[in-house]
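Here's the structure, in structure tokens; my notes come after.
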Amino acid sequence: MSQTVDRALSILPLLAEGPADLGQVADRLGVHKSTALRLLRTLHEHGLVYRQPDQRYRLGARLIALAQEAVENLDVREIAHPHLVELNETCGHTVHLAVYEENEVLYIDKVDSRYPVRMYSRIGKPVAITVAAVAKLLLADLPEPERRALASKLDYPRYTSRSTPDAAAFLAELATVREQGWATDLGGHEESINCIGAPIRGADGRVAAAMSVSAPNVVVSAQELLGLLPLVRRTADAISREYSGTTSPGHEPAP
């Protein structure tokens, strides 16, 4: 990268901290004011910085718009899929990816188990929102008023004796999930199926998606599945880092 480009890009994180005048920019870059001014003018021409009436500079609306557009166009499924496949190859169980859209939690990716017993879940179909681990992760991240409003509107089907019985129990479980950073469904939807999940976060720290590993009791016990939780959380963290832009697309295999 040329020195000029490097210096120009160094201005952006400085202005992200707040408006700065020409002298502050020059001091941070370690250059003469004339050099700093030339760089600022170039960035200003492209809408990346804005000169305020008080002669200080701040980040420009064009830069903010570009960042928002980039975030909106990120495909979490595309980023997550190689990690999901890797996790599946390591543990052998069914792996899901889900998002929350328009008051529904939907599976957007699935990697099937290597074992003969398969899950009947399908990509594009809504999950059992009051019991699924991925649903708990996504809904636990909602602001409290929104969580309470949603919980009050939901039905609470008794799929099994372990299903969430009512709004109070659901809100209590979401509070636990929010605090601990992971979720389970241990026979809540189907008596014989257990599931553990972890959140995938975007650059703003909010939960953008959730992933899970599911397996039937005939393949692995609930306790054995819970033993995979560190691996599941490391995988979710790796996806989060790539999705939020804090690491390069190449990723290290999960231990």
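Along the sequence shown, residues carry numbers from 1.
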Using residues 32-40 as the side-chain source, report each donor-acceptor pair under 3.5 Å to any protein atom, sequence neighbours left out, with the distance given to one decimal.
from  : atom 1 : to    : atom 2 : distance (Å)
His32 : ND1    : Ser34 : N      : 3.0
His32 : ND1    : Ser34 : OG     : 3.1

Return a table of donor-acceptor pairs under 3.5 angstrom between the side chains of residues 136-143 and protein atoms on other chains or two or more places apart.
from   : atom 1 : to     : atom 2 : distance (Å)
Lys136 : NZ     : Val131 : O      : 3.3
Lys136 : NZ     : Glu173 : OE2    : 2.7
Lys136 : NZ     : Thr184 : O      : 2.7
Asp141 : OD2    : Arg206 : NE     : 2.7
Asp141 : OD2    : Arg206 : NH2    : 3.3
Asp141 : OD2    : Val207 : N      : 3.0

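Between His189 and Tyr159, the ring-plane angle classifies as perpendicular under the 30° and 60° cut-offs.
Annotation for Asn88 and Arg114: closest pair O-NH2, 3.9 Å, computed over non-hydrogen atoms. Minimum heavy-atom separation, Ala236 to Pro199: CB-O, 3.4 Å. In terms of heavy atoms, Ala151 sits closest to Ala167 at O-CB, 3.6 Å.
Remark: Ala80 engages Leu84, Leu97, Ile239 in a side-chain contact (heavy atoms from CB on, under 4.5 Å) (not counting sequence neighbours). By the salt bridge (charged side-chain N to carboxylate O under 4.0 Å, His left out) test, Arg41 pairs with no residue at all, sequence neighbours left out. For Gln180, there are no side chain to side chain donor-acceptor pair (under 3.5 Å) partners, not counting sequence neighbours. Listed by chain and number, the residues in a side-chain contact (heavy atoms from CB on, under 4.5 Å) with Glu104 are Leu106, Pro126 (sequence neighbours excluded).
In this structure, Ser10 OG and Gln3 CD are separated by 10.0 Å, a value rounded to the nearest 0.5 Å.
A salt bridge does not link Arg178 with Glu144: none of the charged nitrogens is closer than 4.0 Å to a carboxylate oxygen.
Annotation for Gln55: atom CD counts as buried by contact number, over 12 foreign heavy atoms lying within 6.0 Å.
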